[in-house]
2 protein chains.
Amino acid sequence: MKRRNTPTKEAVMDVLAKSGKAMSQDAIEQHIDITINRATIYRVLNRFCEDGILHKVVAEDGKQYFALCKKCDGHKKPVHHFHFRCTTCDTIECLPIEVHFSLSEAYIVEHVNCVLTGTCKTCA
Amino acid sequence: MKRRNTPTKEAVMDVLAKSGKAMSQDAIEQHIDITINRATIYRVLNRFCEDGILHKVVAEDGKQYFALCKKCDGHKKPVHHFHFRCTTCDTIECLPIEVHFSLSEAYIVEHVNCVLTGTCKTCA
DNA sequence: CAATTTATTGCGATTGTATTGCAATAGTAT
DNA sequence: ATACTATTGCAATACAATCGCAATAAATTG
């Protein structure tokens, strides 16, 4: 299925790029200047995830947060990293800390979801 | 607030102890022989968490899973560990893998939530 | 053992996140 | 400009989890 360029997609990408953090649907909606339907935002976000442009994190609050996939440290592919959710400023940042674990080959790992919760350095 | 012993609490503990895994409210309800209201199960689970008897994990599916806190390897307190959610048998097991990360002291970490998702060794 | 206190429970209603069906709209290529 | 179909808006829906309140029952007291 071919993707099309739409104002919605641009607006969502814009907000995420500017914030540099992982954001929830409602946070994104609040930071967008135009009006976009909730369902549409979810659909755009999920499509970006399918295309490997965004990655999704589920926090302890059960909500989904979306962030740009950056390829850091010269890696070709984005690496699983920790996330930090600050309950004070209510944002999630991607930490530059890789997730390491050694698990039996008998397991097939498809997703990694690691979130630390607390107070970030700015709010502490 | 003093706690009382009730059939409900025993039944819930029983199921969790027997399974040895992290279970969701509906899974627990299904494995209990008596009928217990949904809200009650959640209240019992949350009370156990407050008392440090259970720990809660939020998986990628946005659901809460509860498991017994074991003090392994002679540690006095339970240690943050990885969890594995198998999408085939739909269970979450506590992996004997500790979560390690070095984060600036400027952050205050209150909770750690790490879940790997995929197919477990039994289902693979 | 009966009376009292209050933690616990059941029920229904409610909150909040996320998804879906369907018709209308609008990119994109010809 | 036209056709094709991805995308969107709207309303309805699904689902997890919580809350208020009255009823129940565990534990303590006399």
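Every chain is numbered from 1, with letters handed out A, B, ... down the list of sequences.
Smallest separation of non-hydrogen atoms from B:Thr119 and B:Cys86: CA-SG, 3.9 Å. Looking at every heavy atom in both residues, B:Ala11 comes nearest to B:Ile36 through CB-CD1, 4.2 Å.
Judged by distance alone, with hydrogens and angles left aside, the side-chain atoms of A:Lys9 form a donor-acceptor pair with the main-chain N or O of A:Arg4 at under 3.5 Å.
Between the CD1 atom of B:Ile41 and the P atom of D:dC15 there is a distance of 18 Å, given to the nearest Å. Computed from coordinates, the A:Ile28 CD1 to C:dT17 P distance equals 13 Å when rounded to whole Å. A:Phe66 has its CZ atom 13 Å from the P atom of C:dT17, to the nearest Å. Rounded to whole Å, atom C1' of C:dG16 lies 18 Å from atom CD of A:Glu60. Rounded to an integer number of Å, the gap from A:Lys2 NZ to D:dA3 P is 19 Å. We find that CD1 of B:Ile36 is positioned 15 Å from C1' of D:dT24, with the value rounded to whole Å. Here the P atom of nucleotide C:dT9 and the CD atom of B:Glu29 are 14 Å apart, to the nearest Å. Computed from coordinates, the B:Leu45 CG to D:dA16 P distance equals 14 Å when rounded to whole Å.
Not counting sequence neighbours, the partners of A:Asp90 by the side-chain contact (heavy atoms from CB on, under 4.5 Å) test are A:Tyr65, A:Arg85.
Cluster annotation: B:Val109 is not connected to A:Val115 through the hydrophobic network of ILVMFWY side chains, with a link wherever side-chain heavy atoms come within less than 4.5 Å. Under the 4.5 Å side-chain contact rule for hydrophobic residues, B:Leu103 and A:Ile92 do not share a cluster.
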Inset, instruction - Quick one, give me the B/S/- string for nucleotides 18-28 of chain C, reading 5' to 3', where B means a protein heavy atom under 4.0 Å from the base and S means that only happens at the primed atoms, P, OP1 or OP2. - result: BBBB----BBS

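Note: B:Phe82 and A:Phe101 have tilted aromatic rings, judged against thresholds of 30 and 60 degrees for the angle between ring planes.
You'll find the side chain of B:Glu29 reaches within 4.5 Å of the side chain of B:Arg38, heavy atoms only.
How far OG1 of B:Thr87 is from NE2 of A:His111: 8.0 Å, rounded to the nearest 0.5 Å.
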Side-chain donor-acceptor distances from residues 43-58 of chain B under 3.5 Å, at least two apart:
from	atom 1	to	atom 2	distance (Å)
B:Asn46	ND2	B:Tyr42	O	3.2
B:Asp51	OD1	B:Arg3	NH1	2.9
B:Asp51	OD2	B:Arg3	NH1	2.9
B:His55	ND1	B:Ala67	O	3.2
B:His55	NE2	B:His81	NE2	3.4
B:His55	NE2	B:His83	NE2	3.3

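Annotation: the terminal axes of the helix from C:dC1-D:dG30 to C:dT30-D:dA1 meet at 30°, where each axis is the rotation carrying the C1' atoms of four end pairs onto the next four (5 pairs per end, rounded to 10°).
Connectivity analysis of hydrophobic side chains (ILVMFWY, heavy atoms under 4.5 Å, direct or indirect) links A:Ile108 to nothing; its cluster partners are none.
Residues of residues 111-120 of chain B that place a heavy atom closer than 4.0 Å to DNA chain D do not occur.
OP1 or OP2 of D:dT7 lies within a sub-4.0 Å distance of a side-chain N or O belonging to A:Lys9.
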